Amino acid sequence: MSNNSKRRIETDVMKLLMSDHEVELVNDNMQEFHIKFCGPKDTPYENGVWRLHVELPDNYPYKSPSIGFVNKIFHPNIDIASGSICLDVINSTWSPLYDLINIVEWMIPGLLKEPNSSDPLNNEAATLQLRDKKLYEEKIKEYISKYATEEKYDAQFGDNSSNDNENQEDELRTGSNGELSEELSDIESLSDEEDDDGSLSDLSDLSSDEEETI
């Protein structure tokens, strides 16, 4: 793994750990973790709670992360059995300008709000979404009731994510790697520091443009 990839992985994962999202590292590995994902408001998915499994390749962010739903969700572009997601911006059109926060906060919510039924992984969901919107939404809620309520999430995955987040963040900050601790202690001001070269400003503009096309 190159130093650039290692540093970017550390930065992006730490930003997630410091956010409001509940994140659990797998065996303290920053390249594999789970995220608690809540369905976006004003959609049939609003009351659902899902567990996302994320794996980062060694050459991240030059190669996209692997992301899937662990508990079942009914959606035209998400495979029921495997949880795989069919979404161009985290597959064929991925760019190093994106980061993990982008994925969790607008790429996946955008897909749930506006599915692409012309390229389905779930043919039943795609057909219902096009032909019977009411039945489609009822099916989504049926899956939430069976697999994705808050209670079922806690029963299946536990409710220790918040504490794990704090412990993992503390361990990373106070770890033996002095360079990492020093870098991450200033991560809150990362956006301001990088605005000088326009990199994060460009990302913000790009995200807004891309969100309209998802």
Side-chain angles (χ1 to χ4, degrees), residues 1-37 50-71 77-79 81-111 119 121 157 161 164-191 193-194 197-204 206-207 210-211 214:
M1 182 191 303
S2 70
N3 288 334
N4 286 342
S5 291
K6 183 174 183 293
R7 182 172 179 177
R8 177 61 183 271
I9 288 171
E10 292 167 347
T11 299
D12 281 15
V13 173
M14 193 61 195
K15 284 167 69 177
L16 261 183
L17 288 169
M18 294 176 65
S19 72
D20 292 332
H21 302 290
E22 294 185 8
V23 183
E24 297 176 47
L25 302 183
V26 176
N27 297 323
D28 295 325
N29 181 4
M30 297 187 80
Q31 289 182 248
E32 184 179 5
F33 48 90
H34 295 100
I35 302 172
K36 184 178 181 179
F37 175 81
W50 290 271
R51 186 173 176 88
L52 299 178
H53 178 240
V54 182
E55 289 190 68
L56 304 181
D58 287 344
N59 54 346
Y60 176 86
Y62 308 105
K63 184 177 179 181
S64 65
S66 171
I67 303 176
F69 282 76
V70 177
N71 47 330
N77 307 112
I78 302 171
D79 185 74
S82 68
S84 298
I85 303 171
C86 181
L87 179 61
D88 284 347
V89 290
I90 56 174
N91 292 301
S92 58
T93 62
W94 170 262
S95 166
L97 287 175
Y98 304 137
D99 65 16
L100 299 173
I101 291 288
N102 295 144
I103 294 172
V104 177
E105 294 188 350
W106 67 267
M107 290 182 185
I108 295 178
L111 182 68
D119 187 23
L121 287 178
F157 306 117
S161 303
D164 288 346
N165 250 28
E166 295 174 4
N167 293 338
Q168 289 160 358
E169 181 181 331
D170 289 343
E171 288 173 6
L172 288 170
R173 283 186 176 279
T174 59
S176 58
N177 186 337
E179 291 182 4
L180 175 58
S181 298
E182 183 177 350
E183 287 174 14
L184 296 181
S185 66
D186 295 327
I187 199 167
E188 292 91 342
S189 60
L190 184 62
S191 298
E193 293 173 0
E194 295 195 4
D197 62 14
S199 58
L200 289 189
S201 296
D202 291 344
L203 173 58
S204 177
L206 179 61
S207 298
E210 290 285 350
E211 184 172 11
I214 292 178

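Note that the numbering runs from 1 along the sequence shown for the chain. Heavy atoms only: backbone and side chains are in, while hydrogens, waters and symmetry mates are out. On a predicted model such as this, the values are computed, not experimentally measured, just so you know.
To the nearest 0.5 Å, atoms CG (Leu121) and OG (Ser84) are separated by 7.0 Å. Rounding to the nearest 0.5 angstrom, the gap separating the CG atom in Asn102 from the CG atom in Asp12 is 8.5 Å. To the nearest 0.5 Å, atoms NE2 (His53) and OG (Ser82) are separated by 12.5 Å.
Using modelled atom types, no side-chain atom of Trp94 and backbone atom of Pro65 make a donor-acceptor pair closer than 3.5 Å. Side-chain N or O atoms of Thr93 include one that pairs as donor or acceptor with a backbone N or O of Asp88 at under 3.5 Å. In this structure, the side chain of Asn71 engages the main chain of Arg51 through a donor-acceptor pair within 3.5 Å. In terms of modelled atom types and a separation under 3.5 Å, the side chain of Gln31 and the main chain of Leu56 share a donor-acceptor contact.
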- Item | Intermediate values then yes/no, side chain to side chain contact (heavy atoms under 4.5 Å, CB included), His34 and Phe157 | CA-CA 10 Å; His34 295 100; Phe157 306 117; over 6 Å; no

- Query: Do Ile108 and Ile67 pass the side chain to side chain contact (heavy atoms under 4.5 Å, CB included) test, and can you show the C-alpha distance, the side-chain angles, and the key distance before you say yes or no?
  - Reply: CA-CA 10 Å; Ile108 295 178; Ile67 303 176; 4.2 Å; yes

- Item | Worked check of side chain to side chain contact (heavy atoms under 4.5 Å, CB included) between Val13 and Leu25 | CA-CA 9 Å; Val13 173; Leu25 302 183; 4.0 Å; yes

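Two residues are said to be in side-chain contact when any heavy atoms from C-beta on lie closer than 4.5 Å; Ile35 and Val54 meet this criterion. With contacts defined as side-chain heavy-atom distances shorter than 4.5 Å, the pair Phe33/Leu17 does not qualify. Proximity of Asp99 to Arg8: side-chain heavy atoms (C-beta onward) are separated by under 4.5 Å at one or more points. With a 4.5 Å cut-off on side-chain heavy atoms, Phe37 and Pro109 count as touching. Between Ile85 and Asn77, the closest side-chain pair of non-hydrogen atoms is not below 4.5 Å. At least one side-chain heavy atom of Asn4 sits less than 4.5 Å from a side-chain heavy atom of Tyr62.
Of all non-hydrogen atoms in Val104 and His21, the two that sit nearest each other are CG1-CE1, 3.6 Å. The nearest pair of heavy atoms linking Met14 to Met30 is N-CE, 4.4 Å. The heavy-atom pair separating Asp58 from Ser5 by the smallest distance is O-CB, 3.2 Å. Considering all non-hydrogen atoms of both residues, Leu87 and Asn91 come closest at O-ND2, 2.7 Å. Looking at every heavy atom in both residues, Gly83 comes nearest to Ile78 through O-CG2, 3.9 Å.
Aromatic ring orientation, Phe69 versus Trp50: perpendicular (interplanar angle above 60°, classes split at 30° and 60°).
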